[in-house]
Peer 1: 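Sharing a structure, written as structure tokens. Questions coming.
Naming convention: chains lettered A, B, ... in sequence-line order (proteins, then strands); numbering from 1 in each chain.
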Number of protein chains: 2
Amino acid sequence: MQGRSFCSALSGREFARLAVIVTSRSYGARQMIVQEGDQAEFLLNIVSGTVKLYRALPDGRVQIVGFLGEGDFFGVPATRCYAVSAEAVTSAQLCVFPRRSFDRLLNECPTLERRLFELAKTEVAASRDHMLLLGRKTARERVASFLVAMADKTQCARATSPCINLPMARTEIADYLGLTMETVSRTLTSLRNEGVVAVQSPGHVDVLRPDTLRHIANGEE
Amino acid sequence: MQGRSFCSALSGREFARLAVIVTSRSYGARQMIVQEGDQAEFLLNIVSGTVKLYRALPDGRVQIVGFLGEGDFFGVPATRCYAVSAEAVTSAQLCVFPRRSFDRLLNECPTLERRLFELAKTEVAASRDHMLLLGRKTARERVASFLVAMADKTQCARATSPCINLPMARTEIADYLGLTMETVSRTLTSLRNEGVVAVQSPGHVDVLRPDTLRHIANGEE
DNA sequence: CGCATCGTTGAGGTTGGTCAATCCCTGTGG
DNA sequence: CCACAGGGATTGACCAACCTCAACGATGCG
């Protein structure tokens, strides 16, 4: 999850200037947005919908490195090419900034650069969290961690029984958690049978025992 | 691996100013440097030796998120606390910058901030690489990837038969690759038996067939 | 209604983990 | 010089978590 509402770093004047160079694009579910190795000509900001970032191995194995939602931002590459592919999970609306214009703006607006730096630091921290998950957590702990993270992003997170929206498919959850679809499904079923969560529909999960879920996520059972 | 020689971003005058607030510290092998959750009072730059960054689960499982070497830099946290622990792998010499002074310098020197931003971007890209490794690669591919990465860092990488220096223990390689010590050892043995590498001593590996190793690392066999 | 897609469940296999014995290397002391 | 101890590395036997393959169920759309 890269940072939300980066535009808040801009003054009204800067924002107006930026608006001139911006175009908007719509993507249907599963539509490819950028591909690993493409020239990084654009920076993108998500207006609505969910987008996945992923890396792939030649034989088709996929690792999703993050899901982006409303307000998230991507395409600030270390090199001239994108290092990851991006694909729409749901239908999505994106703001497109030509890279050159954006770079110019960056030079004129140190606040913006600082804000992007903050986002990058948050991203590094999140990546390390995810490395711990991928390298050392069990399937059960991974799924619980995922649900906790998704609950934290949802509006009703503060409620006694948070409800979680899962716009992505089981396969995509699996590719994010380094598991198979079947293992994700089985794990969710067992969490349901234990009364930790309730699965209303594939895309809608209620957390019945948030503390238990959190404990499982942290490997504290 | 966070960025090398960040000091190159500094002008002579800025460097001189920085030098005033810098102190140097020595650490013995396995000595703790900072601990996850500690107040982030210092930024550190490695002068010599190897340092590991890691996150741990309450039951002792460890995921090493990176090894740092000469010139690498760490301690730019997104929050007030360190999100990872750091420990000396070999005996090491570090430069210590008090955070407040460093922040002040940062405000005065946009070049430095830009440089740190670049480092953070590189770090994000490296993290994503490692997520692919942890989430989707086999033990064999992980070990091969690790050897390739270590070879790329070594001086004699350009030689026809690159030699690799491994200052860290097998356990540490395992904690970096999301495996066990035993699996790392077995995998190295099988690569040796196939004539891909030669293991001179635990800390010294020669790559006999670099292309093969690279293919294995990328899952292209 | 029929089809397609996604999700769930089951049976069995494989990779990598666990536990334990042995090896190797280094350092120490007799 | 050798014996010994100790830590890391290697190897082996066994096991379990997760994957694979396959069947079945649910949901949504034309």
Side-chain angles (χ1 to χ4, degrees), chain A residues 28-30 52 57 59-63 89-91 133-147 164 166-194 197-205 216 219 221, chain B residues 28-30 52 57 59-63 89-90 133-147 164-194 197-205 216 219 221:
Chain A
R30 304 207 206 158
K52 65 180 174 187
L57 256 7
D59 65 359
R61 280 173 285 172
V62 164
Q63 178 64 44
V89 168
T90 62
S91 59
L133 179 146
L134 292 172
R136 289 302 180 210
K137 289 188 180 178
T138 65
R140 186 177 166 81
E141 290 160 356
R142 292 181 202 203
V143 172
S145 301
F146 177 68
L147 292 176
I164 307 174
L166 301 177
M168 65 291 287
R170 293 287 183 270
T171 314
E172 291 169 322
I173 299 176
D175 284 340
Y176 182 56
L177 300 180
L179 300 170
T180 58
M181 199 195 65
E182 292 92 332
T183 301
V184 171
S185 180
R186 275 185 253 269
T187 308
L188 274 173
T189 302
S190 88
L191 288 175
R192 172 169 58 72
N193 291 341
E194 296 165 31
V197 301
V199 183
Q200 308 291 8
S201 73
H204 178 212
V205 174
I216 297 171
E221 310 185 80
Chain B
R30 301 202 208 165
K52 63 180 174 186
L57 256 8
D59 65 0
R61 280 173 284 173
V62 164
Q63 178 63 45
V89 168
T90 63
L133 180 148
L134 292 171
R136 289 304 181 209
K137 289 188 180 179
T138 64
R140 188 177 164 80
E141 290 161 356
R142 293 182 202 204
V143 172
S145 300
F146 178 67
L147 293 176
I164 306 174
N165 203 32
L166 301 177
M168 65 292 286
R170 293 286 181 269
T171 314
E172 292 169 323
I173 299 176
D175 283 340
Y176 182 55
L177 299 179
L179 300 170
T180 58
M181 199 192 66
E182 291 92 331
T183 301
V184 171
S185 180
R186 275 186 255 269
T187 307
L188 273 173
T189 303
S190 88
L191 288 174
R192 172 168 57 72
N193 292 341
E194 296 164 31
V197 302
V199 183
Q200 308 292 8
S201 72
H204 179 213
V205 174
I216 297 171
E221 305 185 86

Peer 1: At what distance, to the nearest 0.5 angstrom, does CG of L57(B) lie from NZ of K137(A)?
Peer 2: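 Rounded to the nearest 0.5 Å, the CG-NZ separation comes to 6.0 Å.
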Peer 1: Can you pull every protein N or O that's under 3.5 Å from an N or O on nucleotides 6-8 of chain C?
Peer 2:
from, atom 1, to, atom 2, distance (Å)
dC6(C), OP1, R30(A), NH1, 2.8
dC6(C), OP1, R30(A), NH2, 2.2
dG7(C), OP1, R170(A), N, 3.3
dG7(C), OP2, R170(A), N, 3.1
dT8(C), OP2, R170(A), NE, 2.9
dT8(C), OP2, S185(A), OG, 2.9
dT8(C), O5', S185(A), OG, 3.1

Peer 1: Please state how far atom CZ in R140(B) lies from atom C1' in dG16(C), giving the value in whole angstrom units.
Peer 2: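 From R140(B) CZ to dG16(C) C1': 15 Å.
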Peer 1: Could you tell me the separation between the CD atom of Q200(A) and the P atom of dT27(D), rounded to a whole number of Å?
Peer 2: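 These atoms are roughly 13 Å apart.
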Peer 1: Specify the separation, in whole Å, of atom CG of L191(B) and atom P of dT10(D).
Peer 2: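 Distance check: L191(B) CG to dT10(D) P gives 12 Å.
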Peer 1: Could you check how far CG of L179(A) sits from C1' of dT20(D), rounded to whole Å?
Peer 2: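 Nearest whole value for this atom pair: 14 Å.
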Peer 1: Tell me whether the OP1 or OP2 atom of dC18(D) has a side-chain N or O from T183(A) closer than 4.0 Å.
Peer 2: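 For dC18(D), OP1/OP2 do not have a side-chain N/O of T183(A) under 4.0 Å.
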Peer 1: Could you tell me which non-hydrogen atom of A174(B) sits nearest to which non-hydrogen atom of M181(B), and how far apart they are?
Peer 2: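 A174(B) and M181(B) have their closest heavy atoms at CB-N, 3.4 Å.
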Peer 1: Taking all non-hydrogen atoms of both residues into account, name the closest pair between P167(B) and T90(B) and its distance.
Peer 2: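 Between these two residues, the closest heavy atoms are CB-CG2, 3.7 Å.
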Peer 1: Could you tell me the separation between the CD atom of E141(B) and the P atom of dT15(C), rounded to a whole number of Å?
Peer 2: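 From E141(B) CD to dT15(C) P: 12 Å.
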Peer 1: Apply salt bridge (charged side-chain N to carboxylate O under 4.0 Å, His left out) to R170(A) and list each qualifying residue two or more places apart in sequence or on a separate chain.
Peer 2: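 Counting only residues at least two positions away or on another chain, R170(A) forms no salt bridge (charged side-chain N to carboxylate O under 4.0 Å, His left out).
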Peer 1: Determine the contact category for G203(B): base if any of its heavy atoms lies under 4.0 Å from a base atom, sugar-phosphate if only primed atoms, P, OP1 or OP2 are that close, otherwise nothing.
Peer 2: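 Result for G203(B) = nothing.
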Peer 1: Output the rounded distance in Å from CG (L134(B)) to C1' (dT15(C)).
Peer 2: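 That distance rounds to 16 Å.
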Peer 1: Whole angstrom is fine here: how far is it from CZ in R136(A) over to C1' in dA17(D)?
Peer 2: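 For the pair R136(A) CZ and dA17(D) C1', the rounded distance is 14 Å.
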Peer 1: What pairs of residues pass the salt bridge (charged side-chain N to carboxylate O under 4.0 Å, His left out) test when at least one of them lies in residues 174-184 of chain A, not counting sequence neighbours?
Peer 2: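 Only D175(A)-R136(B) qualify under salt bridge (charged side-chain N to carboxylate O under 4.0 Å, His left out).
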Peer 1: Identify the two heavy atoms, one from M168(A) and one from V89(A), that lie closest to each other, and give their separation to 0.1 Å.
Peer 2: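 For M168(A) versus V89(A), the nearest heavy atoms are CA-CG1, 3.7 Å.
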Peer 1: Grab the NE2-P distance between H204(B) and dC25(C) for me, whole Å please.
Peer 2: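 Going from NE2 in H204(B) over to P in dC25(C) covers 15 Å.
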Peer 1: For dG17(C), does OP1 or OP2 lie under 4.0 Å from any side-chain N or O of T180(B)?
Peer 2: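 Checking T180(B) against dG17(C): at least one side-chain N or O falls below 4.0 Å of OP1 or OP2.
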Peer 1: Let me confirm one number: the CG-OG1 distance from L177(A) to T183(A), rounded to the nearest 0.5 Å.
Peer 2: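 Output value for this atom pair is 10.5 Å.
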